[in-house]
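Accompanying notes for the structure given below.
The analysis underlying the following values was restricted to heavy atoms, covering all of them including side chains, and did not include hydrogens, waters or symmetry mates. In what follows, chains carry the letters A, B, and so on, assigned in the order in which the sequence lines appear, proteins first and then strands, with residues in each chain numbered from 1. This is a predicted model, so every value here is computed, not measured.
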There are 2 protein chains.
Amino acid sequence: MKTRDKILLSSLELFNERGERNITTNHIAAHLAISPGNLYYHFRNKSDIIYEIFQEYEKLVDYYLDIPEDRPMTLEDMTFYLESVFDGLWSYRFFHRDLEYLLDSDPRLRQDYREFTNRCLAAINRIFGKLADAGIIQPQPEDLRSAMSLNVWLVITNWMAFLKTAHAAEEPASLSLTELKQGIYQVLTLEVPYLTPEYRERVLALREKYRPTLPEAQGISGVEA
Amino acid sequence: MKTRDKILLSSLELFNERGERNITTNHIAAHLAISPGNLYYHFRNKSDIIYEIFQEYEKLVDYYLDIPEDRPMTLEDMTFYLESVFDGLWSYRFFHRDLEYLLDSDPRLRQDYREFTNRCLAAINRIFGKLADAGIIQPQPEDLRSAMSLNVWLVITNWMAFLKTAHAAEEPASLSLTELKQGIYQVLTLEVPYLTPEYRERVLALREKYRPTLPEAQGISGVEA
DNA sequence: GACTGCCTAGAGTATATACTCTAATAATAC
DNA sequence: GTATTATTAGAGTATATACTCTAGGCAGTC
């Protein structure tokens, strides 16, 4: 593999594990056993590395959320979207952690991320529309649907941060993809009241599969009333 | 005012405005026109300042979310809770911005924040219970109610971060309390499908008051389908 | 072999950051 | 007043961080 690609890969790995704030360019170079000079030969600065990683993230999610318009949506489609989005979130999890700082330090990133968010919101909105067309959820006025889409986005993008805070210190890398996928349970919770009688049971059963396990150990559920 | 209190106040102000990551202890001292030595006479380190500010935040929110058990809940109560929580979020907005880093660098904070989250979730859960008792929303099984409470928490704690990313660069301090309160619209959106016929119109009217204005300017709503 | 263009090492730098140390000043107690 | 304590100034330090600069290796080409 080319050094340039190795830099991107290692950066992502280190950022995900320890947070962008805790990883310096010297760390990245040391991890690859190359010189800082070498790293800076391939990238002008740290921001450029991050920006390039973001573009990969963007591409991945855009690919996942490319919704076919030629056929009705199925429950399997919906599951695929949810699984994919959480996969993407996981693979680039450093990004949402320091989002505000990153956007503040790179105008390109801010602009691109804004557009990315809008595309994601539009996709979620379209999914809701197609779920209604397919008779899985009841159709809703555009107003409500937009607000619901935004809530879905808020839940998705905040779920990982929440999990991290819910964990006691423990080992640093204690968060797992499995736990992350429990966010799907939370997203499906948003759909529950809108399910049509025909699909209600099936979706509820699907939702059960993602139910958080060991709630009391993490204190993330089982809230005493 | 005592120097110690001035340090806390200025720190909060600077953190909120420019983010904890961008504010050093030297900045704080300079802003107060005191020496770094003076600052470190009052606080052992930066973490201690942050921890103390968090404790104020905690106290404030706990105070707001102290739910009276001796009478049924009203819509006015609910409005008060929502307004208060978003006020608190605003006053200590730096905190959620760098949450993960802050928790990683201070075990006390991590522990306290976990408990704080659990108290908030419990309060939200209790509010849902009392809203059902009051006939404002339909009663729900405990399972669903917990998941809904968690979603409310996720929406609330992520709303500000979302707004910040939705903004174009512009002036740094471009986010306003008014915009922040539009998060209430999002929270009420979560309640919509559960409203009882008797209260439906009143709550929908209340929700309208918080509807985001100028959606197209910020691209945070009006998602094209 | 010499030229060229890409790649790499590694020492080095300017700046920043959290924090320390000493000495002096102000406040309070007696 | 004097002793004691609390507060403050301000220079200073060790470390880190993002990034630069120079010199050189190495592959291919003629």
Whole-Å distance between [N] [atom2] and [X] [atom1]?
| X | N | atom1 | atom2 | value |
| --- | --- | --- | --- | --- |
| A:R4 | C:dC6 | CZ | C1' | 14 Å |
| B:L32 | D:dG10 | CG | P | 15 Å |
| B:N22 | C:dT17 | CG | C1' | 13 Å |
| A:K2 | C:dC6 | NZ | P | 11 Å |
| A:R21 | C:dA16 | CZ | C1' | 14 Å |

Next on the checklist: Students often get this wrong, so: under 4.0 angstrom with heavy atoms, is B:A29 touching a base, only sugar-phosphate, or nothing?
Outcome noted: nothing

Next on the checklist: Once you apply a heavy-atom cut-off of 4.0 Å, does A:L39 come out as touching a base, just sugar-phosphate, or nothing?
Outcome noted: nothing

Checklist entry - Would you call the rings of A:Y113 and A:F116 parallel, tilted or perpendicular if under 30° counts as parallel and over 60° as perpendicular? => result tilted

Checklist entry - Where along residues 40-49 of chain A does a heavy atom fall under 4.0 Å from DNA chain C? => result A:Y41, A:H42

Which atoms of nucleotides 22-26 of chain C (N or O only) lie under 3.5 Å from a protein N or O atom, and what are those distances?
none

Checklist entry - Any ion pair linking A:D143 and B:R211 (charged N to carboxylate O, less than 4.0 Å)? => result yes

Checklist entry - Does the distance from a Lys or Arg side-chain N to an Asp or Glu carboxylate O, for B:E100 and A:R93, drop under 4.0 Å? => result no

Checklist entry - According to a strict under-4.0 Å criterion, is B:T25 in side-chain N/O contact with OP1 or OP2 of C:dA18? => result yes

Checklist entry - Do any side-chain nitrogens or oxygens of A:T3 fall under 4.0 Å of OP1 or OP2 in C:dT8? => result yes

Checklist entry - ring pair (Phe, Tyr, Trp, His ring centres under 6.0 Å) between B:F94 and B:F15: does it pass, once the steps are laid out? => result CA-CA 6 Å; B:F94 85 93; B:F15 288 162; 5.0 Å; yes

Checklist entry - Can you list the steps and then say if B:E142 with B:S146 is a side-chain hydrogen bond (donor to acceptor under 3.5 Å, both in side chains)? => result CA-CA 6 Å; B:E142 178 52 35; B:S146 291; 3.0 Å; yes

Item to check | Test salt bridge (Lys or Arg N to Asp or Glu O under 4.0 Å) applied to A:R97 and B:D98, step by step | outcome: CA-CA 8 Å; A:R97 173 172 171 164; B:D98 279 305; over 6 Å; no

Checklist outcome for this item: Paired with A:Y57, the ring pair (Phe, Tyr, Trp, His ring centres under 6.0 Å) test is passed by just one of A:Y92, A:W90, A:Y64, namely A:Y92

Next on the checklist: For a side-chain hydrogen bond (donor to acceptor under 3.5 Å, both in side chains) check, start with the C-alpha distance between B:Q111 and B:E115, then their side-chain angles and the critical distance, and finish with the verdict.
Outcome noted: CA-CA 7 Å; B:Q111 175 65 17; B:E115 290 162 10; 2.5 Å; yes

Checklist entry - Does A:R207 use its side chain to pair, donor to acceptor, with the backbone of A:L188 at less than 3.5 Å? => result no

Item to check | Verdict with supporting geometry, B:R71 and B:D77, salt bridge (Lys or Arg N to Asp or Glu O under 4.0 Å) | outcome: CA-CA 11 Å; B:R71 58 173 180 79; B:D77 289 329; 2.8 Å; yes

Item to check | Which atom of B:L121 lies closest to which atom of B:L150, heavy atoms considered | outcome: CD2-CA, 3.7 Å

Mind listing the N/O atom pairs, protein and nucleotides 10-12 of chain C, below 3.5 Å?
residue: C:dG10; atom: O6; partner: A:G37; partner atom: N; Å: 3.4

